[in-house]
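Here the structure is a predicted model, which means the values were calculated and not measured.
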Amino acid sequence: MASWKLTSDFNSQKHLFFKKVQTDYLIDTFICSCSYVECVVKHPGQVVNYRCPKCENDMFHDANRALGNIENFMDENFFMDLPTEYISRYDDDKISSHYILKVPKSIDFLKKTASYEDQIIYSLTLKSDGELEGDIYEEDIPASPKLKEPSEQAVIAKKLIETLTKQINIFCYGVPKPKDKELSISQARLFLIYRHLKEFDFYYWEQRHELPARELYIEDALAYIINYRKEKSVKKALYENYARQLEESSEFNSFLIQAFSKNIEDANLVVTFLKYNFDYPKESGIHADELDLFIKFLKQHYSEKQILKFFMDYDGDTQEYLFRDIVSDLAFNFEAIDGGFKKTACKMRDVHDEFVRCVSEERYKHIYKKSLFYPKKELKPCVSTGSYSVRLPHSGKELFEWAEELHNCMSGYFDWIARGETIIYGFFQNGTLLFAVEIQNGRMVQYSAKRNAKLNEDELKLLEKWYGIYFENALDEAKNA
């Protein structure tokens, strides 16, 4: 129990002279941790230096400040040993976990007892629609608590989550649950958002948002993504693919399967595709409609066997962004590509380069007169060392010239750069552009030399040293701030 001092207006409190005497006196009530309570009448502005006659404690927290602004109070008393606790509360459409401090709000002067109010310091609330609100989240818990001492905030976050999780299974009545386990917050959120999904295994589906919004079981959903194909060999291969993905990565990616099975008529080729251990890109930003359009476009120029090989040759480690670029390029520049495409080898890099050629003229018209502006922190990494220099493109024309020099599609990133969603730095030696690197939110996304070639050893060392100075250190400083 904490020791508190609560200052009250004499005229508003129930006591022996309540409503009989009006005065400007105040009452300081000292509630000691030893349970002794004493009231002291004082003039406004008078400071009472009080010591508990029972235990000689003279440290009392200001209850009025805590009631007025609990955040400021906790900041001011951060190092004090205050008896906080965790509670859960239910409403019709939400459940909350609170980290609270009990603060005296009023005094019964006749009985010398205090009534307390729960002051919420941190909270975490799960709503019936799956929305999670709060002052603290799962991300506040260190990923490896054994490797470093968790912060006080991380300890509070862990306890809030534990408290909320204990109540989730009651709150989430009717949603699918894992076998022999309690629902976690992330699992509960998903099935509150997607109430039409009726089996827990949907938790492992990456593209569940693209499933139809009707009551679905796994068998129904698999039939949907395979476009209700009737061939037994295709169905069997799909189930094997599904089981393999779950076993190998504990997740299921379906968007390539759906687009491929929709557009490739030869069942044997679909089966081959499903049996292949494909490196499914998870964060490529490719929309299902764009991929569908892309495969339809390929079918105009190549056989289904060639298209199968195109996908089977895909290397997610080195070609993920190349794949993203050509699929999105076609969607945004369909007329230019469809009208000017000249058949080339059905390979990722060849198709990419042909798309770049088709759209370069139209893209140049769109961006060449436009300028690019950057905040100071993005200009800071533009440095020179020896014969090398690092630069930013300051206009659409300059970005286009870089793209032409490296024979890639970076000019298609103009709008993303202008909106501050990504940055492209060029590395020059003696005035010649050697390679470019894309940075998003302080993290290196991709880098390449001419025709998306890999960097040599010296270039890699230069890039790693530059990135370590201007981005990795900045990220570490931000984490520790």
Side-chain angles (χ1 to χ4, degrees), residues 86-99 122-141 143 156-228 235 238-258 280-289:
Y86 298 87
I87 61 172
S88 294
R89 289 176 179 164
Y90 289 91
D91 286 313
D92 291 340
D93 63 344
K94 64 183 178 183
I95 180 174
S96 300
S97 173
H98 300 297
Y99 176 54
Y122 294 109
S123 66
L124 192 62
T125 299
L126 178 64
K127 295 185 177 180
S128 59
D129 61 0
E131 184 178 355
L132 189 65
E133 292 182 343
D135 311 301
I136 209 159
Y137 297 99
E138 281 181 278
E139 303 90 79
D140 292 307
I141 301 177
I156 293 169
K158 188 173 187 296
K159 187 65 178 179
L160 279 172
I161 290 166
E162 288 174 355
T163 307
L164 189 64
T165 302
K166 287 178 182 178
Q167 312 299 327
I168 277 177
N169 288 272
I170 300 171
F171 180 69
C172 296
Y173 177 79
V175 306
K177 295 180 175 64
K179 294 179 181 178
D180 306 321
K181 290 182 180 179
E182 298 293 316
L183 275 170
S184 68
I185 292 177
S186 60
Q187 292 165 347
R189 288 189 67 198
L190 186 144
F191 287 106
L192 288 173
I193 295 169
Y194 298 99
R195 285 186 175 272
H196 59 289
L197 303 181
K198 299 301 181 183
E199 291 188 68
F200 183 78
D201 275 5
F202 281 115
Y203 180 72
Y204 305 110
W205 285 51
E206 291 294 312
Q207 286 79 39
R208 66 183 74 87
H209 58 283
E210 294 183 358
L211 293 172
R214 63 171 187 266
E215 187 174 285
L216 278 179
Y217 292 87
I218 295 296
E219 186 175 353
D220 306 326
L222 288 173
Y224 172 79
I225 67 162
I226 206 69
N227 297 282
Y228 301 103
K235 292 180 181 179
L238 174 62
Y239 278 93
E240 291 173 351
N241 179 292
Y242 179 65
R244 185 178 70 248
Q245 285 198 54
L246 289 184
E247 182 180 355
E248 292 178 354
S249 61
S250 297
E251 60 186 36
F252 178 61
N253 275 278
S254 63
F255 80 113
L256 279 170
I257 294 172
Q258 190 165 7
Y280 295 91
K282 296 179 293 183
E283 301 177 11
S284 60
I286 299 172
H287 193 274
D289 291 341

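For the residue pair F202 and L216, the shortest heavy atom distance occurs at CE1-O, 3.5 Å. Here the closest heavy-atom approach between residue L197 and residue P176 is recorded as O-CG, 3.5 Å.
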_What verdict does the side-chain hydrogen bond (donor to acceptor under 3.5 Å, both in side chains) test give for S249 and Y204, after you've listed the backbone C-alpha separation in whole Å, the side-chain angles of each residue and the deciding distance to 0.1 Å?_
CA-CA 9 Å; S249 61; Y204 305 110; over 6 Å; no
*Apply side-chain contact (heavy atoms from CB on, under 4.5 Å) to D129 and D93, showing your working.*
CA-CA 8 Å; D129 61 0; D93 63 344; over 6 Å; no
*Determine, stepwise, if the pair N227 / Q258 fulfils side-chain hydrogen bond (donor to acceptor under 3.5 Å, both in side chains).*
CA-CA 7 Å; N227 297 282; Q258 190 165 7; 4.8 Å; no
*Test L124 against I185 for side-chain contact (heavy atoms from CB on, under 4.5 Å), laying out the working first.*
CA-CA 11 Å; L124 192 62; I185 292 177; 4.0 Å; yes
*Just do the side-chain contact (heavy atoms from CB on, under 4.5 Å) check on F171 and L164 with the steps written out, would you?*
CA-CA 10 Å; F171 180 69; L164 189 64; over 6 Å; no
*Checking side-chain contact (heavy atoms from CB on, under 4.5 Å) for the pair S123/D135: CA distance, chi angles, key distance, verdict?*
CA-CA 6 Å; S123 66; D135 311 301; 3.5 Å; yes
*Does the pair K166 and E162 meet the rule for a salt bridge (Lys or Arg N to Asp or Glu O under 4.0 Å), with working shown?*
CA-CA 6 Å; K166 287 178 182 178; E162 288 174 355; over 6 Å; no
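Among residues two or more places apart in sequence or in another chain, the side chain to side chain contact (heavy atoms under 4.5 Å, CB included) test is passed with E248 by R244, N277. Residues satisfying the side chain to side chain contact (heavy atoms under 4.5 Å, CB included) test with Y228, not counting sequence neighbours, are R214, A223, Y224. Applying the side chain to side chain contact (heavy atoms under 4.5 Å, CB included) test to E215 and every residue at least two apart in sequence or in another chain returns K198, Y217. For R195, the salt bridge (charged side-chain N to carboxylate O under 4.0 Å, His left out) test picks out no residue, with sequence neighbours left out. Under the salt bridge (charged side-chain N to carboxylate O under 4.0 Å, His left out) criterion, E240 pairs with no residue at all, not counting sequence neighbours. Remark: K94 pairs with D91, T125, K127 by the side chain to side chain contact (heavy atoms under 4.5 Å, CB included) rule, at least two apart or across chains.
Going from atom CZ of F252 over to atom CD1 of I218 covers 9.0 Å, rounded to the nearest 0.5 Å. The CG atom of L126 sits 5.5 Å away from atom CD1 of I168, with the distance rounded to the nearest 0.5 Å. With rounding to the nearest 0.5 Å, the separation of CG in D220 from CD in E199 is 8.5 Å. Between S97 atom OG and I161 atom CD1 the span is 9.0 Å, to the nearest 0.5 Å. Distance check, rounded to the nearest 0.5 Å: NZ of K181 to CG of L183 gives 11.5 Å. If you take CG on L160 and OG on S88, they are separated by 9.0 Å, rounding to the nearest 0.5 Å.
Atom CD of E182 is surrounded by 12 or fewer heavy atoms from other residues, nucleotides or ligands within 6.0 Å.
In this structure, the side chains of L192 and C172 come closer than 4.5 Å at one or more pairs of heavy atoms. Residues N253 and Q245 meet the side-chain proximity criterion, which asks for heavy atoms closer than 4.5 Å. The closest side-chain heavy-atom distance from R208 to L190 is below 4.5 Å.
No option in W205, Y194, F191 other than F191 meets the ring-ring contact (aromatic ring centres under 6.0 Å, His included) test with F200.
A donor atom on one side chain and an acceptor atom on the other are not found under 3.5 Å apart for S254 and Y242.
Although no hydrogens or angles enter the test, the distance criterion places no donor-acceptor pair under 3.5 Å between the side chain of Q187 and the main chain of Y203.
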